[in-house]
J.: 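I'd like to ask some things about the structure below.
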Amino acid sequence: MTTLTLAKALNAGLRRALADDEKVVLMGEDIGTLGGVFRVTDGLKAEFGAKRVVDTPLSEAGIVGTAVGLAYRGFRPVVEIQFDGFIYPGFDQIVAQVAKLHYRSRGNVRMPITIRVPFGGGIGAAEHHSESPEAYFAHTAGLRVVACSNPADAYVMVRQAIASDDPVLFFEPKRRYHVKGEVDETASLADARPMGVATTVATGTHVTLVTYGALVQTARDAAVAAAEDGISIEVIDLRSLAPVDYATIEASVRRTGHLVVTHEAGQQGGVGAELAASITERCFEFLEAAPVRVTGHDIPYPPAKLERHHLPDLDRILDGVDRVLGRPNSLSGVEA
Amino acid sequence: MTTLTLAKALNAGLRRALADDEKVVLMGEDIGTLGGVFRVTDGLKAEFGAKRVVDTPLSEAGIVGTAVGLAYRGFRPVVEIQFDGFIYPGFDQIVAQVAKLHYRSRGNVRMPITIRVPFGGGIGAAEHHSESPEAYFAHTAGLRVVACSNPADAYVMVRQAIASDDPVLFFEPKRRYHVKGEVDETASLADARPMGVATTVATGTHVTLVTYGALVQTARDAAVAAAEDGISIEVIDLRSLAPVDYATIEASVRRTGHLVVTHEAGQQGGVGAELAASITERCFEFLEAAPVRVTGHDIPYPPAKLERHHLPDLDRILDGVDRVLGRPNSLSGVEA
Amino acid sequence: MTPSDRDATGLLTQSESTRADDFVQLVSPTGERRANAEFDPWITDVDPAALGRLYRDMAIVRRIDTEATALQRQGELGLWPPLAGQEAAQIGSGRALRDDDFIFSSYREHALAWCRGVEPAELLSVWRGSAASGWNPFEHGMAVPQIIIGAQALHATGYAMGAAWEGTDTAAIAYFGDGATSEGDVNEALVFAASFDAPVVFFCQNNQWAISEPVGLQSKQHLARRADGFGMPGVRVDGNDVLAVLAATRIALDRARRGAGPTFVEAVTYRMGPHTTADDPKRYRTDDELVEWGGRDPLARVLALLDASGVDIEGLQRDVTAEADRAAAELRAAVTTIADPAPLTVFDNVYAEPNSHLERQREHYTRYLAMFDTSSAEGSDAAASAPAEGDAR
Amino acid sequence: MTPSDRDATGLLTQSESTRADDFVQLVSPTGERRANAEFDPWITDVDPAALGRLYRDMAIVRRIDTEATALQRQGELGLWPPLAGQEAAQIGSGRALRDDDFIFSSYREHALAWCRGVEPAELLSVWRGSAASGWNPFEHGMAVPQIIIGAQALHATGYAMGAAWEGTDTAAIAYFGDGATSEGDVNEALVFAASFDAPVVFFCQNNQWAISEPVGLQSKQHLARRADGFGMPGVRVDGNDVLAVLAATRIALDRARRGAGPTFVEAVTYRMGPHTTADDPKRYRTDDELVEWGGRDPLARVLALLDASGVDIEGLQRDVTAEADRAAAELRAAVTTIADPAPLTVFDNVYAEPNSHLERQREHYTRYLAMFDTSSAEGSDAAASAPAEGDAR
Ligand SMILES: Cc1ncc(C[n+]2csc(CCOP(=O)(O)OP(=O)(O)O)c2C)c(N)n1
Ligand SMILES: Cc1ncc(C[n+]2csc(CCOP(=O)(O)OP(=O)(O)O)c2C)c(N)n1
Ligand SMILES: [Mg+2]
Ligand SMILES: [Mg+2]
């Protein structure tokens with residue numbers, strides 16, 4: 001076991017992937033000489049050379065589109081999108097090409113492309129630097145969408161994503177890049193938990209609280225705080241947003257009868273909508289209350305000084321828990 | 001009252017908007033001389049000139065991006081995206097610019113841009129010509145998203161969209177372009193039903209069936225067929241996908257206790273997910289069963305010969321109705 | 001503050017020539033061979049026999065194209081984008097390629113598929129609406145057709161980058177139209193290709209139209225001039241002159257193989273037919289234009305040149321016509337061999353690896369189909385027994 | 001088949017010069033005035049007094065920039081992208097504009113905001129993280145800053161199209177960097193501008209770097225050469241020479257106003273500071289480079305020229321320094337006047353018209369906030385009493 005920050009765990013995972021498979025190439029803006037604006041690729045260009053760790057021109061469609069061509073040629077490109085809000089110029093290549101080429105070619109052409117996206121807010125950044133665009137991709141057939149929340153997962157999941165023959169949108173909780181955790185750098189991928197499987201990070205009996213990325217830690221904190229009030233929360237780290245590991249969530253909700261989903265992205269059509277709808281379909285008779293969503297507002301990401309009024313935090317999550325349990329909460333007495 | 005096809009009703013609505021406000025300009029590929037590949041803008045360039053009905057270079061980001069500049073200058077651009085599947089190259093300009101500029105400029109800059117999108121399948125077309133991308137936009141704060149389903153609405157709603165000071169994604173059910181209906185070309189916008197309000201197109205007591213666009217007709221047909229089996233379906237044409245007129249749906253579901261949502265787009269994170277989740281939140285104690293979604297599969301749009309195995313049709317909708325009512329259906333006996 | 005009303009020149013450079021015939025032509029419309037010191041050395045191997053083979057290719061793809069259009073009119077195909085008029089541009093470039101070079105085409109490059117030995121059924125299945133694509137790209141060195149305008153230019157660039165990184169001298173070629181040059185993707189491809197010295201040829205068929213829009217709406221400048229600003233050579237050739245196209249493509253491929261980077265080739269040609277069978281070109285262009293371009297036919301000039309070289313062109317035409325008719329007959333026959341896809345194949349190949357969500361959807365739909373039919377839905381004829389829209393329950 | 005190993009030339013044209021100093025320069029780094037027959041007539045009005053005013057502008061914006069950087073280091077701003085080194089490029093172009101011209105800038109054009117009379121608090125509020133934007137674009141003829149690289153080039157083009165359609169002779173100007181030229185949006189803007197003869201100036205500040213990436217990664221060709229292929233003139237000027245920039249921008253604006261269409265101006269300059277205060281340029285560039293560019297300082301050469309013209313530059317410097325210090329003090333003072341935004345303002349201005357969904361969300365969040373505090377959440381100081389992360393319930 002080594003103690004690494006999440007960013008360094010990703011770095012180690014990428015290094016390992018580069019070493020294990022010569023067809024793995026990293027591409028992106030400022031990922032080479034600079035090592036990425038978050039230093040996730042620090043040192044990798046020096047170690048593997050400019051043809052394995054490629055500083056590209058400033059163009060997201062260009063990066064993803066050339067990655068498609070490289071995949072045609074048998075490479076496994078790992079693309080870094082510098083910040084969440086800069087993924088949209090590459091949207092067409094992701095949604096109309098990367099996602100569809102395996103289908104379009106009747107399985108002849110594989111798109112083992114990993115698209116790394118530092119995502120989410122809470123770092124006091126400027127506009128377009130704190131977005132949570134994951135729902136767009138979870139709605140796109142042909143893509144897999146995952147989000148890591150801790151160093152150990154980051155190290156393993158990034159390698160799993162690269163090893164996957166399907167394209168993977170890999171979301172990294174940027175505000176947790178510098179948080180440390182234990183990483184087992186010796187464990188083999190074969191033994192690791194598949195990236196499609198969720199993790200129950202705290203067990204509980206009253207409420208199932210599902211989230212992913214940076215909010216996993218907040219959810220755990222909420223569970224600890226709630227325990228003081230005698231409320232037992234089971235926290236599930238979704239890890240895979242598409243497909244979702246419903247088996248784990250269902251089993252939990254059947255026991256707790258209550259579901260709260262929280263994410264930073266807006267509510268309308270967010271990942272929480274799908275979770276709430278699907279769990280209602282699958283567990284209707286077990287639900288004691290409607291699933292509650294605690295999300296960012298449906299607004300453009302606000303200026304830094306206001307972000308704490310946008311992002312779900314411990315208090316807002318607990319308010320959601322109170323709501324699902326019918327305890328006094330901010331909407332008590334409000335007609336639904 | 002005049003009898004017009006949906007395409008001709010849109011043409012009439014656009015003509016009226018061009019005549020009423022000289023700041024209205026139409027922009028798009030092949031919309032001028034050709035009159036659009038669906039002829040929706042037929043004759044308008046001849047009537048209003050090449051500075052009001054503008055054939056643009058072949059670039060969706062270019063069209064939307066220059067529309068932003070025109071809006072800055074006080075114009076009300078109406079953009080045509082030739083087919084649903086070609087909207088993605090313009091995604092960044094729509095999501096990061098059009099949607100956010102009013103917020104970003106603290107209300108100083110308005111973006112009264114209408115983006116017309118012929119959408120959906122069922123016309124035997126090639127790849128990228130039958131997509132249903134509406135959920136991406138419904139998830140995007142700052143946009144309004146509407147879909148018309150008949151000539152009368154088309155005529156009025158396109159004018160309302162153009163008159164709106166907010167950007168509107170305007171979805172047109174392309175497979176119903178040639179279906180005729182009565183249009184009142186004399187009615188004033190002031191008296192018209194606001195585009196944010198849903199329409200109950202068939203009343204019923206057992207099930208609330210919500211849809212939009214081309215499937216509104218299929219849903220009506222389903223209601224007629226179900227009536228023969230003694231099942232009474234209330235059909236709601238959503239019209240506005242963002243924001244959703246929950247008042248209308250809630251009132252209906254409180255009576256029927258059953259909700260079915262149907263759309264052509266895939267299920268994961270589709271508009272139906274939001275509707276199911278929101279109605280569950282708002283009407284939990286009235287629901288007798290989990291809301292059912294009848295949607296396209298979560299696959300890239302399939303080749304033409306398979307599209308009827310992808311698109312919801314009358315039978316699949318009725319199967320969903322049976323499911324929500326607990327009658328024998330395709331999933332009878334399947335664990336949820 | 002306005003010292004003169006003429007443009008400042010100095011470094012405010014802008015090239016002037018936008019004459020339509022400002023291009024390399026090796027064979028005139030009437031079949032005269034025009035000497036060109038730069039290009040001639042690249043086609044010294046093209047003797048009358050070789051020229052006859054190029055003629056044969058062009059005649060056959062023209063015939064295939066006509067037959068496919070007819071098949072569409074008869075309801076056998078859902079859509080067809082005709083290549084008529086662009087035979088020289090496609091055959092001249094296609095025959096310059098080596099087998100290991102990789103083609104990233106748009107939707108109209110049927111002649112390239114012909115060069116690559118794509119079978120008739122493979123060619124038509126996608127236009128019939130029977131399959132998402134017709135052939136295995138790796139069997140033919142040619143990607144599946146691209147409908148999103150310009151997207152394939154980036155794919156070709158990435159492929160070429162990879163081929164170079166592997167140390168091979170394989171090249172990639174991207175086909176796109178005049179309209180496509182306005183899309184960001186094509187321009188970004190030029191940026192990447194130049195930056196990485198990618199061994200890629202950008203082959204732009206300027207057929208004068210993007211559906212109803214004339215090329216002048218996309219650019220007031222010759223498209224080949226676009227290249228220079230991105231740091232690569234550009235060449236404008238008579239795209240109806242198969243020799244000029246062949247030479248230009250060979251020059252470009254040679255540069256690519258030598259590690260000298262990308263080249264932009266603009267082949268000036270004309271789409272003689274509609275944009276697709278769904279298009280009505282009468283709404284936007286005149287008969288005069290058709291007549292004018294008809295006089296620059298790519299096949300006629302080769303025949304005239306062969307004639308002047310003493311070749312028995314009547315014999316050639318007879319043979320080629322017979323061959324072309326056979327190809328057309330094979331095409332027609334192939335249509336009927338394209339099976340309707342089985343319903344459940346809609347779920348195939350969405351993912352390369354198991355996907356729990358999609359497997360569940362597939363299972364549910366299987367159960368749904370089973371309600372209508374007791375025979376298996378997996379069989380290729382199952383489509384026939386699946387529910388029709390509006391079936392009574 | 002390979003007749004020679006040199007490149008075919010002929011129409012395979014590619015321009016050769018990529019020398020860094022291949023640009024228009026009117027004042028050398030040491031202050032010598034270089035005659036230029038094309039450009040000189042455009043700056044005959046710039047007498048020593050006018051030149052002194054340009055110097056003053058540059059000195060003040062440099063001081064403002066330094067102060068803002070200091071404010072960021074002291075925690076008063078969240079981020080600051082310094083303009084140091086680019087004063088001549090920004091002031092020279094900014095002072096060429098007419099009041100009714102409209103500016104679409106990137107994030108680094110603080111000197112343009114200065115030219116347009118943007119108040120200190122308006123300038124800083126967005127970098128403090130207090131507001132989505134600082135000023136009303138219509139009050140200053142300058143759009144809100146753009147962070148999405150290149151997007152504003154299309155906005156400027158559309159604005160210019162509209163201004164021309166209205167029959168005015170107003171122009172628009174788009175500012176972007178060398179890195180931005182690789183984005184599709186910038187290239188599409190060139191396409192649209194040329195196609196519609198839009199009265200727009202594309203002003204590219206080639207400051208040699210896009211964060212850590214040198215301009216050579218984006219293009220091996222001079223960026224100004226990009227213009228020609230799109231059908232517009234391009235000019236490359238010494239961007240550290242305020243007179244060359246002024247003249248080039250005036251020429252471009254004149255073309256725009258005359259209906260002659262767009263122009264591309266490449267101003268060759270250098271970012272002396274980090275990309276933003278969050279950047280560490282030591283990781284990717286050498287001190288030598290800084291020293292070299294330091295020798296081409298845009299202010300020093302103007303002083304030298306003024307000196308040679310007999311101006312009392314010590315007096316000028318004294319006055320300007322005092323003025324700059326006042327501007328810096330005002331900036332510092334302004335920071336403290338920027339109120340923290342009230343919590344519920346997060347919901348303001350998402351839509352211009354009533355929106356049922358958002359109103360409900362706002363109402364719910366209002367109730368939520370009310371749980372923590374009995375005083376109004378609407379007041380501008382309410383933020384202070386809003387819940388802190390991790391507050392016990
Ligand atoms: C991104 C995108 N936008 C629009 C279209 C619709 N469309 C199909 S072909 C075409 C014109 C293409 O013109 P050109 O590039 O000249 O190729 P040509 O058809 O002439 O071969 C258009 C606009 C598309 N397929 N993709
Ligand atoms: C679409 C997009 N991609 C990436 C970024 C991240 N980013 C911000 S500035 C920058 C470099 C810009 O370089 P250049 O255009 O030369 O402008 P400069 O900063 O030098 O003024 C990058 C990559 C962004 N803001 N937007
Ligand atoms: Mg064309
Ligand atoms: Mg730069």
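Letters go in sequence order (proteins before strands), and every chain restarts at 1.
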J.: Do Glu281(B) and Arg293(A) meet the salt-bridge criterion of a basic N to acidic O distance under 4.0 Å?
T.: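 Salt bridge flag = yes for Glu281(B) with Arg293(A).
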J.: Please classify the contact of Ala61(B) with chain A as side chain, backbone, both or neither, using a heavy-atom distance under 4.5 Å.
T.: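 When you check distances to chain A, no heavy atom of Ala61(B) falls under 4.5 Å.
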J.: Tell me, for Tyr246(A) versus chain B, whether the close heavy atoms (under 4.5 Å) come from the side chain, the backbone, both or neither.
T.: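 Neither the backbone nor the side chain of Tyr246(A) comes within 4.5 Å of chain B.
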J.: Count the heavy-atom pairs under 4.5 Å between each of Ala265(B), Ala96(B), Gly90(B) and chain A, then report the option with the highest count.
T.: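 Most heavy-atom pairs under 4.5 Å with chain A: Ala96(B).
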J.: Chain B heavy atoms under 4.5 Å from Glu60(A): which part of the residue, side chain, backbone, both or neither?
T.: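 Looking at Glu60(A), nothing touches chain B.
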J.: Checking heavy atoms, do the side chain of Pro302(A), its backbone, both or neither come under 4.5 Å from chain B?
T.: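 Contact with chain B: backbone and side chain both.
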J.: Output the distance between atom CD (Glu127(B)) and atom OH (Tyr103(A)), rounded to the nearest 0.5 Å.
T.: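 Between Glu127(B) CD and Tyr103(A) OH, I get 9.5 Å after rounding to 0.5 Å.
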J.: With a 4.5 Å cut-off on heavy-atom pairs, point out which of Gly270(B), Gly142(B), Gly272(B) contacts chain A the most.
T.: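 If we count pairs closer than 4.5 Å to chain A, Gly270(B) comes out on top.
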J.: What class does the angle between the rings of His139(A) and Tyr136(B) fall in, given that below 30° is parallel, 30 to 60° is tilted and above 60° is perpendicular?
T.: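 His139(A) and Tyr136(B): perpendicular rings.
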J.: Applying side-chain contact (heavy atoms from CB on, under 4.5 Å) to Phe91(B) and Asp92(A), what does each step give before you reach the verdict?
T.: CA-CA 8 Å; Phe91(B) 200 76; Asp92(A) 178 63; over 6 Å; no
J.: Between Gln93(B) and chain A, with a heavy-atom cut-off of 4.5 Å, which part of the residue counts as in contact: side chain, backbone, both or neither?
T.: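 Answer is neither: Gln93(B) stays 4.5 Å or more from chain A.
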J.: Please classify the contact of Glu288(B) with chain A as side chain, backbone, both or neither, using a heavy-atom distance under 4.5 Å.
T.: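 For Glu288(B), the backbone is the part near chain A, not the side chain.
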J.: What part of Ala138(A) gets within 4.5 angstrom of chain B, counting heavy atoms only: side chain, backbone, both, or neither?
T.: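 Only the backbone of Ala138(A) comes within 4.5 Å of chain B.
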J.: Please identify, among Val95(A), Ile94(A), Ile279(A), the residue contributing the most non-hydrogen atom pairs under 4.5 Å to chain B.
T.: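 Of the candidates given, the most pairs with chain B belong to Val95(A).
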J.: Name the option with the most non-hydrogen atom pairs under 4.5 Å to chain A; the candidates are Pro300(B), Ala141(B), Gly85(B), Ala277(B).
T.: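 Max contact count across the listed options: Pro300(B).
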J.: Assess whether side-chain contact (heavy atoms from CB on, under 4.5 Å) is satisfied between Glu274(B) and Glu274(A), documenting all intermediate values.
T.: CA-CA 7 Å; Glu274(B) 181 61 42; Glu274(A) 180 61 42; over 6 Å; no
J.: Compare every heavy atom of Phe284(A) with every heavy atom of Leu287(B), then report the nearest pair and how far apart it is.
T.: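 Scanning both residues, the minimum pair turns out to be O-CZ, 3.6 Å.
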J.: I need the Phe137(B) CZ to Gln268(A) CD distance, nearest 0.5 Å.
T.: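 So the CZ of Phe137(B) and the CD of Gln268(A) are separated by 14.0 Å.
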J.: Looking at Thr140(A), Val244(A), Ile87(A), Val271(A), which has the largest count of heavy-atom pairs under 4.5 Å with chain B?
T.: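 Between Thr140(A), Val244(A), Ile87(A), Val271(A), the count favours Thr140(A).
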J.: For each of Ala273(B), Pro243(B), Pro303(B), Pro291(B), tally heavy-atom pairs with chain A at distances under 4.5 Å, and name the one with the top tally.
T.: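 Option with the greatest count: Ala273(B).
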